[in-house]
Structure formats: C-alpha cells, structure tokens
Amino acid sequence: MVLSANHIVKRADFIFKNENDWEEVLTKSLARTPNELINELISSELKGRGGAGFPTGLKWKLTSELKSDEKFVICNADEGEPGTFKDREILSRVPFKVLTAIALCGYVIGAKQGFIYLRGEYFFLQQELKKAISEFEFFCKEIKYDFKINIFMGSGAYICGEETALFESMEGKRGEPRNKPPYPTAYGYLGKPTVINNVETLAHTFTIFKYGSKRFYDLGVQFSRGTKLFSISGDTPKPGIYELELGMSLSDFVDDFGDDDTKAVQVGGASGFLVPRKKFSGTSIGFEGKLVGISLPTGGSMMLFNSSRSMFNVLDNYLNFFAEESCGQCTPCRVGCQQLLKGIKAVKRGEKPASYLDKLLDLAETMQYTAKCGLGQSVANSFTSIVENFREEMIY
C-alpha cells in the first residue's frame with residue numbers, strides 16, 4: 001500500500017495497553033540475540049517518533065557495531081515542543097514499557113547504563129519514575145541482568161530537546177548543539193557511542209518486541225509504518241491524546257477532530273507546518289509521502305485553528321517563542337528570530353510595505369540553510385507556511 005490521501009483515520013490501542021507483562025517481554029527478549037532484536041526493529045520499519053523519523057533499528061545497529069569501553073542509552077523526555085503532551089502520559093501511565101525498552105537497547109548495543117532526560121517542567125513525574133526504576137532494577141537483579149537507569153532533570157530549555165544540546169547539558173555545560181558529524185551513534189554522551197530515542201519511540205519498540213515486527217508493519221502505510229500518538233489541541237471538540245495509524249489524509253483528520261470551521265492545522269508544533277483548508281485533501285501525515293500529494297511528519301502536535309483565530313497572532317506567538325528559546329550560539333538563529341518578529345510587526349503597523357514580507361521570506365530561507373541546529377532551521381517552516389497562505393492577515 002502506498003501513502004494515500006484517502007487513508008481514513010484509524011484508531012489503535014497499543015501504547016497505553018496494560019503493561020503487566022513487561023517482565024515476560026523483558027525476559028523473553030533477553031533470551032534472543034542482539035541481532036535478532038535489531039532485525040525485528042528493522043523489519044518493522046519503525047522510525048523515530050520525535051519528528052525526524054530516523055530508522056530506529058538502523059540507529060541501534062550502527063551503535064552496536066562500534067567498539068567502545070562504554071556506551072549509553074538515553075531516553076529523551078525533554079518534551080518541549082508547543083502543543084505536545086503525550087510523552088508525559090506515557091511515563092506516567094506505562095513507565096515500565098519505556099524502562100524495558102531502554103534496558104533492551106542496552107542489551108543490544110552493549111551498554112550497562114541508561115538515562116531518562118526529563119524535562120524540567122515534568123519534575124512532578126520524578127518520584128513515581130524513581131519508584132518504577134527501583135522495582136525494575138530489582139527484577140533485573142533477579143534475572144541476573146546488570147543494567148542501571150538514572151534520571152537527569154533538565155532545566156526547562158527548549159534547545160535541550162536537540163540531542164547534542166541534551167548531551168552538553170548532561171555533561172554540565174551550556175545546552176548548545178554540537179556540530180555534526182560526528183553523530184551520537186559514534187560520539188554521544190561523554191564522547192561515547194550513544195543511542196538516544198524519544199519516549200514514544202521506545203514505547204513502540206516494546207510493542208514490536210511483544211507482538212513481533214509484522215503486527216507493527218501491517219499498520220500505517222508505505223514509508224510510514226505503525227501507529228503514532230497525537231497531541232490534539234486548539235479549536236477541537238475532542239482535545240487529548242489519540243493513537244492513530246500513520247498515513248491518514250489531513251482532510252480525514254479534520255473531519256474527525258475539527259469543529260466544522262477549521263481553517264488551518266499546525267502539524268508538528270511551532271517548528272512544523274501550518275496547512276490551510278484548501279490543502280487538506282492533498283496532505284497526508286507521515287514520512288516521505290511524495291507519491292501522493294504532500295506528506296508531513298510530526299512529533300505529535302496537531303493544533304487546529306478555526307475562523308476566529310488571527311494567523312498574525314499565531315505567528316507572532318511562535319516567533320516570540322523561538323526568539324526566547326534560541327540558545328544564541330549561531331548568528332542566523334539569534335539575529336534571524338528577532339528580525340522576523342520585528343519585521344511582521346512593522347508590516348502590521350504599516351511601517352513597512354507589504355512587499356517587505358518577501359524579504360522576510362528570504363531571511364527565513366537563509367536561516368533554514370545556515371542555522372546550526374533544528375531550532376533555527378525549522379523557524380522557516382511555520383513562518384513560510386503562514387505568510388504564504390495567510391498573507392492578507394499579516395497586512396490588515
């Protein structure tokens with residue numbers, strides 16, 4: 001099956017299913033070879049659910065093949081993207097699925113230690129997570145599997161959701177992105193080979209090891225296998241967290257979750273793309289969907305806006321967020337965010353002509369190509385999609 005704009009919205013229930021069998025899943029998986037587990041992930045075609053979509057099995061495989069005296073597994077729970085609130089629910093409701101996946105990743109790559117990098121605003125989860133980790137490690141001792149998991153608390157910086165900035169933070173440095181290459185699989189935390197996956201990705205590996213890769217592969221569509229947790233908010237009668245198959249068209253999504261007056265959907269949070277009503281039917285949610293229309297990946301955030309919303313105010317809000325959260329390390333992002341924000345306000349006040357928006361679009365494109373990390377690069381996504389599709393709201 002190829003990615004289709006007619007793929008209907010299909011609900012699933014794997015992530016939040018009862019997790020009482022985690023001990024059995026862990027024990028049976030440890031009885032298999034690391035290569036068997038890697039091949040299971042590769043066969044499932046699971047891609048990272050943080051938004052980038054890197055193949056999970058390949059990431060584990062690359063790290064497993066490197067020789068090193070020490071390796072690490074890190075669960076990225078720095079859920080800072082506006083509009084995303086699914087990972088905290090996973091850690092709150094089914095923490096043992098994530099802990100099991102971390103430990104199995106350690107087994108596969110040869111690591112003895114794992115970390116959960118927990119967003120600073122999620123401090124309230126820390127105590128319950130510590131209890132779960134204590135119970136988990138006790139069981140590991142019983143089955144003679146030596147693996148430790150620690151929690152590292154972030155300090156509320158959006159930039160630390162970027163994997164290399166996260167490593168810098170954990171090492172006691174300022175949270176700033178590193179140059180790539182080298183990539184984390186070869187040079188990660190403390191300069192050692194590291195697998196870093198976000199919370200949801202790890203929860204999906206639990207599903208795959210429990211049910212097998214085919215069960216996961218049969219869900220979704222070509223290039224976008226499996227299910228995805230969506231954090232749905234905004235002008236919707238059904239806000240909340242939903243597990244849906246990938247590959248649905250945005251028009252089907254809006255039919256299910258819209259309020260009959262949806263004029264735009266922000267796919268992927270502030271760093272994602274805003275899709276206007278006229279493009280709903282030609283847009284799908286998934287990876288690499290070039291066969292049919294446009295396909296947009298998402299870390300999970302889906303924000304719906306109806307006709308009562310000003311797209312200028314939406315963009316103003318996003319740019320204020322980016323200007324605040326830019327680490328300031330590179331000039332394109334540090335200066336660019338400020339100039340884009342000042343620019344749209346100047347046009348709105350009539351201090352600059354409408355044609356000035358074209359110069360701002362050029363600036364956004366420059367940022368996309370020259371910013372050091374995903375923060376500065378992704379500013380252009382929301383800026384360009386809003387300005388190009390709702391230009392009149394930027395002016396009047």
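Residue numbers count from 1 along this sequence.
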[X] and [Y]: side-chain donor and acceptor closer than 3.5 Å?
| X | Y | answer |
| --- | --- | --- |
| Ser308 | Asn306 | yes |
| Gln266 | Ser382 | no |
| Thr201 | Asn198 | yes |

Qualifying residues under side chain to side chain donor-acceptor pair (under 3.5 Å), relative to [X], sequence neighbours excluded:
| X | value |
| --- | --- |
| Thr227 | Glu243 |
| Glu163 | Lys180 |
| Thr298 | none |
| Thr331 | Arg334 |

Main-chain N/O of [Y] paired with [X] side-chain donor or acceptor, under 3.5 Å:
| X | Y | value |
| --- | --- | --- |
| Ser326 | Leu375 | no |
| Arg277 | Thr262 | yes |
| Glu137 | Ile149 | yes |
| Ser224 | Phe287 | yes |
| Lys47 | Ala52 | no |
| Ser378 | Asn381 | no |
| Thr366 | Asp362 | yes |

**Report entry** Co-members of the apolar cluster containing Leu62 [side chain, <4.5 Å]
**Finding:**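 Members other than Leu62 - counting any ILVMFWY side chain reachable under 4.5 Å - are Phe54, Leu58.
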Query raised in the report: Using a side-chain heavy atom cutoff under 4.5 Å and only I, L, V, M, F, W and Y, what cluster partners does Tyr117 have?
Result: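 Besides Tyr117, the hydrophobic cluster comprises Phe72, Ile74, Phe115, Phe152, Leu166, Phe167, Met170, Tyr189, Leu190, Ile196, listed by chain and residue number.
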If I compare all heavy atoms of [X] with all of [Y], which pair ends up nearest, and what's the gap?
| X | Y | answer |
| --- | --- | --- |
| Gly269 | Glu81 | C-OE2, 3.5 Å |
| Glu70 | Lys192 | O-CB, 3.4 Å |
| Ala203 | Ile90 | CB-CG2, 4.2 Å |
| Ser231 | Phe85 | OG-N, 3.0 Å |

[X] and [Y] ion-paired at < 4.0 Å:
| X | Y | result |
| --- | --- | --- |
| Lys61 | Glu65 | yes |
| Lys10 | Asp252 | no |
| Glu171 | Arg178 | yes |

Report task. Kindly indicate, with the supporting measurements, whether the criterion side chain to side chain contact (heavy atoms under 4.5 Å, CB included) is fulfilled by Phe216 and Ser43. Result -> CA-CA 9 Å; Phe216 185 88; Ser43 297; over 6 Å; no
Query - CD1 on Ile241 to CG on Leu229, rounded to 0.5 Å - result: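 Spacing of CG (Leu229) from CD1 (Ile241) equals 7.0 Å.
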Query raised in the report: What do you reckon, is NZ of Lys28 surrounded by more than 12 foreign heavy atoms closer than 6.0 Å?
Result: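 No, the 6.0 Å shell around NZ holds no more than 12 heavy atoms from other groups.
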Report task. Using the ring pair (Phe, Tyr, Trp, His ring centres under 6.0 Å) rule, collect all pairs that involve residues 331-350, keeping only residues at least two apart or in two chains. Result ->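 Residue pairs passing ring pair (Phe, Tyr, Trp, His ring centres under 6.0 Å), neighbours aside: none found.
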Query - ring pair (Phe, Tyr, Trp, His ring centres under 6.0 Å) pairs, two or more places apart, involving residues 236-279 - result: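 Sorted result for residues 236-279: Tyr242-Phe257, Phe253-Phe257.
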Report task. Applying side chain to side chain contact (heavy atoms under 4.5 Å, CB included), name anything that partners Pro95, two or more places apart in sequence or on another chain. Result ->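 Side chain to side chain contact (heavy atoms under 4.5 Å, CB included) list for Pro95, sorted by chain: Glu19, Leu129, Ala132.
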Report task. Quick one: list whatever passes ring-ring contact (aromatic ring centres under 6.0 Å, His included) with Tyr356, sequence neighbours left out. Result ->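 Tyr356 satisfies ring-ring contact (aromatic ring centres under 6.0 Å, His included) with no residue once adjacent residues are dropped.
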Query raised in the report: Would you call the rings of Trp60 and Phe209 parallel, tilted or perpendicular if under 30° counts as parallel and over 60° as perpendicular?
Result: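 Trp60 vs Phe209 ring planes: tilted.
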**Report entry** Ring centres under 6.0 angstrom apart (Trp22, Phe136)
**Finding:**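 So the answer is yes for these two rings.
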Query raised in the report: Which pairs, with at least one residue in residues 86-100 and sequence neighbours excluded, count as a side-chain hydrogen bond (donor to acceptor under 3.5 Å, both in side chains)?
Result: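 Of all non-adjacent pairs touching residues 86-100, those that pass side-chain hydrogen bond (donor to acceptor under 3.5 Å, both in side chains) are Lys86-Glu200.
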Per-pair distances, 0.1 Å, donor-acceptor, side chain in residues 309-318, under 3.5 Å, sequence neighbours excluded:
| unit_1 | atom_1 | unit_2 | atom_2 | d |
| --- | --- | --- | --- | --- |
| Arg309 | NE | Asp235 | OD1 | 3.2 |
| Arg309 | NE | Asp235 | OD2 | 3.0 |
| Arg309 | NH2 | Asp235 | OD1 | 2.7 |
| Ser310 | OG | Phe312 | N | 3.3 |
| Ser310 | OG | Asn313 | N | 3.2 |
| Asp316 | OD2 | Asn320 | ND2 | 3.3 |

